[in-house]
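Structure provided below as structure tokens; questions to follow.
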Amino acid sequence: MEVLLFGIAKDIVGSAQMDLSELKHPPSSVGELKGFLCGSFPEFGKLTSLAVAVNSEYAQDAVALKTGDEIAIIPPVSGG
Amino acid sequence: MEVLLFGIAKDIVGSAQMDLSELKHPPSSVGELKGFLCGSFPEFGKLTSLAVAVNSEYAQDAVALKTGDEIAIIPPVSGG
Amino acid sequence: MEKPIIEIVDMIDTSQVYGELSHASSGGICVFVGSVREFTNNEEVVSLEFETYAKMAIKEMEKIAMEASNKWALHKIVVRHAVGVKNVQEPVVVVGASSAHRDDCFEACRFLIDTLKQKVPIWKKEVFKNKSVWVSAHP
Amino acid sequence: MEKPIIEIVDMIDTSQVYGELSHASSGGICVFVGSVREFTNNEEVVSLEFETYAKMAIKEMEKIAMEASNKWALHKIVVRHAVGVKNVQEPVVVVGASSAHRDDCFEACRFLIDTLKQKVPIWKKEVFKNKSVWVSAHP
């Protein structure tokens, strides 16, 4: 379970990708993934917002994560 | 007393300029000039609006016309 | 604010306007370009002919630019109108402004074109296949 | 409406956008260009660094263009964002629309930039002399 990281999320984790397959209990939903991130890297809890994209679409907390999904952490956007 | 004519005003009079000096009683104000125009060329009375500029500034009816003023007839504008 | 760029020209070059509006303190530039539409009320337009009282038009455009710079925090302003015969799709007017934040340049740009259309002595004749009409002349 | 032009690019060429938006049925084109400001809260900016999740950013920009074309009567739309290091005064984003009448292109242009800033996964790092900051990351 690969997770893509951008912007400040990449700086917090120190990497542009993260493999969660090795976890004993990989997160099964977007909400669980957010919980895992905030637990492992408290800096995530200090951000203005934290979103997750599944297969390049914004995904609500209830969305299930399946093997093969493209998962991305979306910290507060600031284009323009 | 030269008067400049633009747009449809030029078409109505059939000329880009008009010399009012030869009139027995040349108009002494913007209002009189408008009255003269509408009297001599009834088509002016059918326009959406009719403005006069004196020395390249919009002028109200009460403004006096003096020898040497640059006078222009401003039919409804339609730039842009 | 820098001195506004106010011009009556024969041809509008839309590629130059960003260079003119760009400013180190500006985060936003808003530009409006008006061009000749193919149809007016379902009638095919052959061309537009623009005529102006240039001396007065420049004065009025300067007043509009000054009014905009008093109302909004702007760095640069462009107000440029073309005269002569313009064919379908050709640009006839370009107005724009730059500002630190985008609210100002958007509102100023809209004000510039709206006020230009109301006040600047420029006249447009629509040429159709079988007739031509001075726009807005009659109710 | 024609297919919108949606792009993530390394460099923005502001001179091309009018050609892209020009349309025989359009009387108006409204364009917004965002560029790098010299100062943020009185601190001198050295450069901005833009990063994106390109696949998703393109999708989100397409959705925004579609939403605009449903809300307003538009002929063409451009939404283009730059990535990489941008220096002061360089353009970073250009959005625009063309329409028969100016209300539509003005409102659509404003909507395009406002919604892009809210939804499109692009991140901006402000680089100052002694620090750098991911914009909007913290409250």
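Keep in mind that this is a model prediction, so the values were computed, not measured.
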Is there a donor-acceptor contact under 3.5 Å from the side chain of A/Asp19 to the main chain of A/Ser21? yes

Applying salt bridge (Lys or Arg N to Asp or Glu O under 4.0 Å), run through A/Lys10 and D/Glu51 and close with a yes or a no. CA-CA 11 Å; A/Lys10 189 170 63 177; D/Glu51 181 179 314; 3.0 Å; yes

I need the residue from D/Gly34, D/Ala137, D/Ala82 with the largest number of non-hydrogen atom pairs under 4.5 Å to chain A. D/Ala137

Looking at D/Ser26, D/Ser25, D/Ser98, which hits side-chain hydrogen bond (donor to acceptor under 3.5 Å, both in side chains) with D/His75? D/Ser26

Just checking, any donor-acceptor pair under 3.5 angstrom between side chains of D/Thr40 and D/Glu126? yes

Check this for me: does any side-chain nitrogen of one of D/Glu62 and D/Lys59 sit under 4.0 Å from a carboxylate oxygen of the other? no

Interchain contact, A/Leu4 with chain D, by part (heavy-atom threshold 4.5 Å): side chain

Backbone N/O of D/Met66 and side chain of D/Ser69: donor-acceptor pair under 3.5 Å: yes

About how many Å separate NE2 of D/His138 and OG of A/Ser49, when rounded to the nearest 0.5 Å? 11.0 Å

Would you please indicate yes or no on a ring centroid separation below 6.0 angstrom for D/Trp72 and D/Phe111? yes

Side chains of D/Glu60 and D/Tyr53, donor plus acceptor under 3.5 Å: no

Report which part of D/Trp134 has an atom under 4.5 Å of a heavy atom belonging to chain A: side chain, backbone, both, or neither. side chain

Selection from D/Lys125, D/Glu49, D/Lys63 maximising heavy-atom pairs under 4.5 Å formed with chain A: D/Lys63

Selection from A/Ala53, A/Ser78, A/Ala9, A/Pro75 maximising heavy-atom pairs under 4.5 Å formed with chain D: A/Ser78

Interface moiety of A/Asn55 toward chain D, non-hydrogen atoms closer than 4.5 Å: backbone

Looking at D/Phe128, I'd like to know if the NZ or CZ of D/Lys131 sits under 6.0 Å from its six-membered ring centre while staying within 45 degrees of the ring's axis. yes

Measuring heavy-atom distances to chain A, does D/Val92 have an atom under 4.5 Å in its side chain, in its backbone, in both, or in neither? side chain

Non-hydrogen atoms of chain A under 4.5 Å away: do they reach the side chain of D/Thr52, the backbone, both or neither? backbone

Under 4.5 Å, heavy atom to heavy atom: which of residues 57-67 of chain A reach chain D? Give them by number, or say none. A/Glu57, A/Tyr58

With a 4.5 angstrom heavy-atom cut-off, which part of D/His81 approaches chain A: side chain, backbone, both or neither? side chain

